[in-house]
Trainee: 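Here you go, one structure.
In what follows, every chain begins at residue 1, and chains take the letters A, B, ... in the order their sequences are listed. Everything quoted here is computed from the prediction, not taken from an experiment.
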Protein chains: 2
Amino acid sequence: MPRWANAVPNRAEQQDLKRKAIIREAARIFSRRGCHGATLDDVADRLGVTKPALYRYVRNKHDLLFACHEEAMDIGDKALESGAAQGTTGLQKVRIAMTAYLSEMIGELGVPVLILEENALQGVEAETIYARRDAFETRLRGLVELGVQDGSILPLNPKLAVFMLLGSVHWVTKWYKPDGAWSADDVSDALIELATRSLAANPAHELSASIHIAAPVPLKPGPN
Amino acid sequence: MPRWANAVPNRAEQQDLKRKAIIREAARIFSRRGCHGATLDDVADRLGVTKPALYRYVRNKHDLLFACHEEAMDIGDKALESGAAQGTTGLQKVRIAMTAYLSEMIGELGVPVLILEENALQGVEAETIYARRDAFETRLRGLVELGVQDGSILPLNPKLAVFMLLGSVHWVTKWYKPDGAWSADDVSDALIELATRSLAANPAHELSASIHIAAPVPLKPGPN
DNA sequence: TATTTTTGTTACTTTCTGGTAACTTTAATT
DNA sequence: AATTAAAGTTACCAGAAAGTAACAAAAATA
């Protein structure tokens, strides 16, 4: 009995849990080593199983990659949702959304952002993900535009602003190590506070999150 | 005679030019499709040659990847140099350095950032690149600290700030398309002005670069 | 306890791609 | 023009990794 079975719910549920575990682990490895650089043997090893076992839960590697991206987009949509709902000003909506997005992403159960290599996904599945990603960016841009209108964000090109934010957020997966001194929430709060300060019509004169003062952000020597 | 020979200098120079062309093209493909996702046949095809021809100029794929990273780090070092030399305040040094870095990177002859996949590089060469990258980040952090001391940058965690900047900068390679309405310099100026505004002790009340006002940043539908 | 179903393994095939060897073409030199 | 060296090509080899088939172990059911 491999180590992925913790609790013991009924059969179908068990299957679902295992599939989710595979996806999470695969996402981690894919986003670190790239889709082509990661082997299914790697994924299987990490789960204490052999490769053919995976094929009971996933059609093939392509399907697995697709599932990873879907998971990631689900997180993104959820984050946008909460931002749009909870924030009062446009700027606040953006902040809440991005903070949720990031902390979910790098948190314990999150699917670390998959930096999509061109041609890794193909066919209908590729189109599906590209469409979802476009929709995500468009919605986020909408929040920025809202902020420009309500005066919380200074006049700027929303596309550029969104790209800037997404860049600094996605890059976190390259340096953040969960086993360091800072929790996923610490890092998320601090990074978003800093990054969104560039958009603010009236930027604060000091930064609040404690991580800004305390010195060492846990960084990872070795590959970025 | 393949299409990479434009001018006709002497023999050794010719060789060098071809090697550089290979590195540039490889960097482009590596950073789009990932090191493992890119084949040497792809690189060769783009240059109008067959794979074995490459081996006259490069020892092997690993060596080629290493060369790409060295090129990228050269650009980084040069950018830091000019920033440190030309800027008066710490904030200005950071701005100049990052703008130069980015525009060189995405410009015509630049080597687009290689987002290093873990384990893509190995052995001594990996160590070499990691060391150079660490040195680069440390130096950049130094400029930020300078800014904090001279009051141009508000008190913050320099590591976090640098990671934020590098993220938004490196991400540009995911969305910028050179054949759009905006030049590499346009994008670089605008993005850095925006991103570094988050660090500024006294952020400007409006953005200067024209791209901030004009609407559509050329973005690329399809893979990010 | 015997039977059946589920889950996973070992052993294999196939494809793709990095790398090499032997040959051909092009161009410089005498 | 003949000779020699450089630059590329075609044809191949070897290894790695995706995916499959046939079997074994475990667990549920009877």
Trainee: Please pick, from C:dG8, D:dT10, D:dG8, the nucleotide with the shortest atom-to-atom distance to any side-chain atom of B:Pro52.
Mentor: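 Nearest listed nucleotide: D:dT10.
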Trainee: Taking only the side-chain nitrogens and oxygens of A:Lys18, find out if one of them lies under 4.0 Å from OP1 or OP2 of C:dT7.
Mentor: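 It does not, given that no N or O in the side chain of A:Lys18 lies less than 4.0 Å from OP1 or OP2 of C:dT7.
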Trainee: Answer yes or no: does a side-chain N or O of A:Gln15 lie under 4.0 Å from OP1 or OP2 of C:dT7?
Mentor: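 Indeed, a polar side-chain atom of A:Gln15 lies that close.
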Trainee: Could you walk me through whether A:Asp185 and A:Ser188 pass side chain to side chain donor-acceptor pair (under 3.5 Å), step by step?
Mentor: CA-CA 5 Å; A:Asp185 282 333; A:Ser188 305; 5.1 Å; no
Trainee: Just checking A:Ala44: base, sugar-phosphate only, or nothing, at a heavy-atom cut-off of under 4.0 Å?
Mentor: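 The answer is nothing, as A:Ala44 stays clear of every strand by at least 4.0 Å.
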Trainee: Report the distance from atom CG of B:Leu40 to atom P of D:dT9, rounded to the nearest whole Å.
Mentor: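 About 14 Å, once rounded to whole Å.
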Trainee: Are A:Thr50 and C:dT9 close enough that a side-chain N or O sits under 4.0 Å from OP1 or OP2?
Mentor: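 For C:dT9, OP1 or OP2 has a side-chain N or O of A:Thr50 closer than 4.0 Å.
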Trainee: So which atom in A:Ala67 and which in A:Arg19 form the shortest heavy-atom distance, rounded to 0.1 Å?
Mentor: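 Looks like CB-NH2, 3.7 Å.
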Trainee: Under 30°, 30 to 60°, or over 60°: which ring-plane class applies to B:His170 and B:Tyr101, parallel, tilted or perpendicular?
Mentor: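 The rings of B:His170 and B:Tyr101 stand perpendicular, inter-plane angle above 60°.
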Trainee: Could you grab the distance from atom CE of B:Met98 to atom CD of B:Glu193, nearest 0.5 Å is fine?
Mentor: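 With rounding to 0.5 Å, CE (B:Met98) is 15.0 Å from CD (B:Glu193).
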Trainee: Please determine, for the side chain of B:Thr39, which listed nucleotide (C:dA11, C:dG18, D:dA17) has the closest atom?
Mentor: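 Among the listed nucleotides, the one closest to the side chain of B:Thr39 is C:dG18.
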Trainee: Ignoring hydrogens and angles, answer whether the base of D:dA18 and the side-chain atoms of A:Lys51 contain a donor-acceptor pair closer than 3.5 Å.
Mentor: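 Checked by distance alone, the answer is yes.
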Trainee: Roughly, in whole Å, what's the span from NE2 in A:His36 to C1' in C:dT15?
Mentor: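 Taking NE2 of A:His36 and C1' of C:dT15, I get 15 Å after rounding.
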Trainee: Figure out the CG/P separation between A:Leu54 and D:dT20, and round it to whole Å.
Mentor: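 Answer to the nearest Å: 13 Å.
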Trainee: What is the distance, rounded to the nearest whole Å, between atom CG of B:Leu65 and atom P of C:dG19?
Mentor: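 Going from CG in B:Leu65 over to P in C:dG19 covers 11 Å.
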Trainee: Taking atom C1' of C:dA27 as reference, at what distance in whole Å does atom CD of B:Gln14 sit?
Mentor: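 About 12 Å, once rounded to whole Å.
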Trainee: OH of A:Tyr55 versus P of C:dT10: gap in Å, rounded?
Mentor: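 To the nearest whole Å, that distance equals 17 Å.
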Trainee: Calculate the interatomic distance between A:Asp16 atom CG and C:dT7 atom P; express it in whole Å.
Mentor: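 In whole Å, C:dT7 P lies 13 Å from A:Asp16 CG.
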Trainee: Using the closest heavy atom to pick a nucleotide of DNA chain C for each, name whichever of B:Arg56 or B:Arg59 lands nearer the 5' end.
Mentor: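 Closest to the 5' end, via its nearest nucleotide, is B:Arg59.
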Trainee: Side-chain N or O of A:Tyr57 versus OP1/OP2 of C:dG8: is the shortest distance under 4.0 Å?
Mentor: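 Indeed, a polar side-chain atom of A:Tyr57 lies that close.
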Trainee: Specify the separation, in whole Å, of atom NZ of A:Lys61 and atom P of C:dT15.
Mentor: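 Rounded to whole Å, this separation is 18 Å.
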Trainee: Among side-chain atoms of A:Tyr130 and A:His69, is any donor-acceptor pair under 3.5 angstrom?
Mentor: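 No, no side-chain donor-acceptor pair sits under 3.5 Å.
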